[in-house]
A.B. asks: 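The structure under discussion is supplied below as structure tokens; questions concerning it will follow.
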Amino acid sequence: MTPATQYPCDPEGVCMRCKSMPPPEESLTCGTCVTPWHVSCLLSPPETLSATLQWLCPDCSGETNPLPVSGVAAGYGSVGSDLVAAIHSIEADETLSAEEKAKKKQQLLSGKGVVDEDDEEEKKKTSKGKKPIDVLSHFECSFCMQSLQKPVSVRVLFALALMLVWFLESTPCGHNACLKCFLKWMGQGHRSCGTCRSVIPESMVTNPRINLSIVSAIRLARVSEKADARTSKVVHYVDNEDRPDKAFTTERAKKTGNANASSGKIFVTIPRDHFGPIPAENDPVRNQGLLVGESWKGRLACRQWGAHFPHVSGIAGQASYGAQSVVLAGGYDDDEDHGEWFLYTGSGGRILKGNKRTNTVQAFDQVFLNFNEALRLSCKLGYPVRVVRSTKDKRSPYAPQGGLLRYDGVYRIEKCWRIVGIQGTHKMCRFLFVRCDNEPAPWTSDEHGDRPRPLPNVPELNMATDLFERKESPSWDFDEGEDRWRWMKPPPASKKAVKNVLDPEERKLLREAIKSANPNTMRARLLKEFKCQICQKVMTNPVTTPCAHNFCKACLESKFAGTALVRERGSGGRKLRSQKSVMKCPCCPTDIAEFVQNPQVNREVAEVIEKLKKQEEEENAKSLDEGQCSGTSHEEEDDEQPKKRIKLDTDAEVSATVVESDMK
DNA sequence: ATAAAAGTGGTT
DNA sequence: AACCACTTTTAT
């Protein structure tokens, strides 16, 4: 079918075509994707020296692209999350023993039940008698063909015709690439997927983000290969969206956008000026400490779990003491994020008088005072600085997606200096952060944390003024013997009291709430699996469309109320042929007009919901026995309610939902 | 006491 | 997407 007999070298450096390990002089590395190839196995090896220097591999040059354009199918883009979901369901199955779970995971990961389309490549490999398909081969970079490093899922444009109007939408084309390979490809001016040639939208070019589902899947797969007990950590990392982080946001706060002003109690028992990781003993609610990869919906929750205390400022610190944490939220254009290291910009230099919080114009030079001096001090003493990344950072591929803030571990500030910023008018304080955490970063599939790494090359240092580098030995450093980062000098003694923390009763309530929000509980399954996609509540009289989407019967009917199946098309007295109305499924482009005429309740789904609700009621009754539930009597009048009233959203929502859907 | 701070939800 | 009103926490 195609003359596709060219293969690169595998990760071990063995040519996948001739199966030999080419000597260095016969190995040629692609200028785009840095994959090594065996020269004598190439169909058209470069002929001149300059051609050799700028050589692009067959995949990157696109000369002999063996893969047909496969149209737009939901491909690998969704594999990551599907696979993770499948792994979780195995984990959650209590009827299985540990070994059975491991076995099931192995089966799953060996390629069965994981998309079959797009697998020309796989077929070729197997037919050639190459290694059996394992999960990692599903996660190869489409440029370098090696295990994905910092995977990005390529999105491409496709045209969608709805009601005679064409929409340009973007969708994963099913091809994943290492961030590095993708950026190189883009840097060469390409604007199409290297594999399927579909056009890549500008948003993908300017803002590629690492696909954390794939990272999780790779990590889970590795864990599962070892069949050891590290899964819980990884699972936490995947599912932390389900925690009731907003538990302490008051109704009043939510109403008027005052959330930042209503920051509640702190869940961890560390002082505000605590440096470095937060250990389990300071986390009486969960007893696990602050974990790398945890994420929150807002600065409030981020503050409550101790990652970063100020809820507006990007820097936490004191000029005479040091800086404890920073947030990367793209507030300053000069920031430059490379994941394991980044260049951070100081604060200040802007006129923010009155309420001009949105002013981004630099009006004067930044100086090493206040927060900037705090950062410089942390640099001087080599303190660990907690780093939080926000979705708001639109330029960083490492930023989390979905309006979140994520704790990424501790970094050290190795150097700081000043240089005129991007706006070209005033000097900015600059800080070189390098990661030094014992846990792997959220975007790597590594199992281990950081090892000391050489400082990156920072070109702008040539033009820098006021350069400051640490002279003394760092307080937080890598212990070769213990193979981990630790305090080499005692951490600075806190100057502040631990305050505004939960009392024991509140802790208990929160612990309960977290337990309830655990994705394996009935409650969470109710919420997740049986939510009506229109009213977002657990379904009442569930109906399932031909396109397999679920809604409350009433919600669906009211959506199309007043739309007749057949429309008369008439002008004046003349009658034209009547036309069928198109009724688009609220979740997909499928026309469900016929279905809507007489939707039948899905009895099976309804029964499952009934069962789950009953179980949940029993659970609730039990927990009511154990401890007095806080008055979750909603309906507070919005004028004079106590400012810091505690409200457990999750509980309130769930019980309200159940009551409603209980009605016939 | 004062002003800065990489926020938040709602509205143009 | 830009603006706005509403606010708290923090450092000094």
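Note on naming: letters A, B, ... go to the chains in the order of the sequence lines (proteins, then strands), and numbering restarts at 1 for each one.
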A.B. asks: Report the distance from atom CE of A:Met428 to atom C1' of B:dA6, rounded to the nearest whole Å.
C.D. replies: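 Distance, rounded to whole Å: 12 Å.
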
A.B. asks: What is the distance, rounded to the nearest whole Å, between atom CZ of A:Arg303 and atom P of B:dA6?
C.D. replies: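 Rounded to the whole Å, the gap is 16 Å.
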
A.B. asks: Base, sugar-phosphate, or nothing for A:Lys496, non-hydrogen atoms under 4.0 angstrom?
C.D. replies: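 Touches sugar-phosphate only.
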
A.B. asks: If we count only N and O atoms by modelled type, under 3.5 Å, do the side chains of A:His338 and A:Glu336 hold a donor and an acceptor together?
C.D. replies: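 On atom types as modelled, these side chains qualify, holding a pair under 3.5 Å.
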
A.B. asks: Quote, to the nearest angstrom, the C1' distance that separates C:dT7 from B:dA4.
C.D. replies: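 It comes out at 14 Å once rounded to the nearest Å.
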
A.B. asks: So, A:Asn211 and A:Arg209: side-chain donor and acceptor under 3.5 Å apart, yes or no?
C.D. replies: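 No, no side-chain donor-acceptor contact under 3.5 Å.
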
A.B. asks: Using the side-chain heavy atoms of A:Gln318, tell me which of these nucleotides is nearest: C:dA11, C:dT9, B:dT8.
C.D. replies: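 Out of C:dA11, C:dT9, B:dT8, the nucleotide with an atom closest to A:Gln318's side chain is C:dA11.
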
A.B. asks: What's the CD1-P distance between A:Ile266 and C:dT9, to the nearest Å?
C.D. replies: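 Rounding to the nearest Å, CD1 of A:Ile266 and P of C:dT9 are 9 Å apart.
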
A.B. asks: Taking the six-membered ring of A:Phe309, is the NZ or CZ of A:Arg272 close enough (under 6.0 Å from the centre) and on axis enough (within 45°)?
C.D. replies: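 Satisfied, under 6.0 Å and within 45°.
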
A.B. asks: Could you please name the option among B:dG7, C:dA11, C:dT10 that lies closest to any side-chain atom of A:Lys499?
C.D. replies: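 Nearest to the side-chain atoms of A:Lys499, counting from C-beta on, is C:dT10.
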
A.B. asks: Once you round it to whole Å, what is the distance between C1' of C:dT12 and CD of A:Glu373?
C.D. replies: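 Going from A:Glu373 (CD) to C:dT12 (C1'), I get 14 Å.
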
A.B. asks: Which heavy-atom pair separates A:Val152 from A:Pro208 by the least distance, and what is that distance?
C.D. replies: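 So the two residues come closest at CG1-CB, 4.3 Å.
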
A.B. asks: Any residue in residues 324-349 of chain A with a heavy atom nearer than 4.0 angstrom to DNA chain B? Just list them by number, or reply none.
C.D. replies: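 Here the set is A:Val327, A:Leu328, A:Ala329, A:Gly330, A:Gly331, A:Tyr332, A:Asp335, A:Tyr344, A:Thr345, A:Ser347, A:Gly348.
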
A.B. asks: Output the residues of residues 387-399 of chain A in contact with DNA chain B, where contact means a heavy atom of the residue under 4.0 Å from an atom of the strand; sort by number or write none.
C.D. replies: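 Close to the strand are A:Lys392.
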
A.B. asks: Is it the case that the side chains of A:Glu460 and A:Trp417 hold a donor-acceptor pair, with the cut-off being a distance below 3.5 Å and no angle test?
C.D. replies: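 There is such a pair (donor and acceptor under 3.5 Å, judged by atom type) between the side chains of A:Trp417 and A:Glu460.
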
A.B. asks: Touch check for A:Ala319, heavy atoms < 4.0 angstrom, all strands: base, sugar-phosphate only, or nothing?
C.D. replies: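 The answer is sugar-phosphate, as A:Ala319 gets under 4.0 Å only of primed atoms, P, OP1 or OP2.
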
A.B. asks: Determine: side-chain N/O of A:Arg272 to OP1/OP2 of C:dT10, distance under 4.0 Å, yes or no.
C.D. replies: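 Yes, such a contact exists.
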
A.B. asks: Could you please name the option among C:dT10, C:dT8, B:dT8 that lies closest to any side-chain atom of A:His311?
C.D. replies: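 Selected nucleotide: C:dT8.
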
A.B. asks: Starting from C1' on B:dA4, measure out to CG on A:Asn370 and report it in whole angstrom.
C.D. replies: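 The answer, rounded to whole Å, is 9 Å.
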
A.B. asks: Looking at residues at least two apart in the chain, or sitting in another chain, which of them share a salt bridge (Lys or Arg N to Asp or Glu O under 4.0 Å) with A:Asp283?
C.D. replies: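 A:Asp283 satisfies salt bridge (Lys or Arg N to Asp or Glu O under 4.0 Å) with A:Arg286 once adjacent residues are dropped.
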
A.B. asks: Can you measure A:Lys297 atom NZ to B:dT8 atom P for me and round it to whole angstrom units?
C.D. replies: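 Atom NZ in A:Lys297 sits about 12 Å away from atom P in B:dT8.
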
A.B. asks: For the residue pair A:Arg376 and A:Phe431, would you count it as a cation-pi contact if the rule is NZ or CZ under 6.0 angstrom from the ring centre and within 45 degrees of the ring axis?
C.D. replies: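 Pair A:Arg376/A:Phe431 does not count as cation-pi.
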
A.B. asks: To the nearest Å, how far apart are A:Leu300 CG and B:dG7 C1'?
C.D. replies: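 Spelled out: CG on A:Leu300 to C1' on B:dG7 is 9 Å.
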
A.B. asks: Take the protein atom CG of A:Asn500 and the nucleotide atom P of C:dT9, then report the distance between them rounded to whole Å.
C.D. replies: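 Answer to the nearest Å: 8 Å.
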
A.B. asks: Holding to salt bridge (Lys or Arg N to Asp or Glu O under 4.0 Å), I want the full list of residues that pass it with A:Asp334, two or more places apart in sequence or in another chain.
C.D. replies: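 Listed in chain order: nothing, the list is empty.
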
A.B. asks: With respect to A:Tyr398, which candidate in A:Lys150, A:Glu340, A:Arg406 satisfies the side chain to side chain donor-acceptor pair (under 3.5 Å) definition?
C.D. replies: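 Of the listed residues A:Lys150, A:Glu340, A:Arg406, the side chain to side chain donor-acceptor pair (under 3.5 Å) partner of A:Tyr398 is A:Lys150.
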
A.B. asks: Tell me every residue that passes side chain to side chain contact (heavy atoms under 4.5 Å, CB included) with A:Tyr383, counting only those two or more places apart in sequence or in another chain.
C.D. replies: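 A:Phe275, A:Ser378, A:Leu381, A:Ser475, A:Trp487, A:Pro492.
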
A.B. asks: Tell me whether the NZ or CZ atom of A:Arg350 lies within the 45° cone about the ring axis of A:Tyr332 and under 6.0 Å from its centre.
C.D. replies: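 Flagged: A:Arg350 positioned over aromatic ring of A:Tyr332.
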
A.B. asks: Does this structure show an ion pair linking A:Asp337 with A:Arg389, if we count only N-O contacts that are shorter than 4.0 Å?
C.D. replies: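 Yes, this pair counts.
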
A.B. asks: Quick one: the dot-bracket string of DNA chain B, using Watson-Crick and G-U wobble pairs with both distances under 3.5 Å, [ ] for crossing pairs and | for bases paired to another strand.
C.D. replies: |||||.||||||

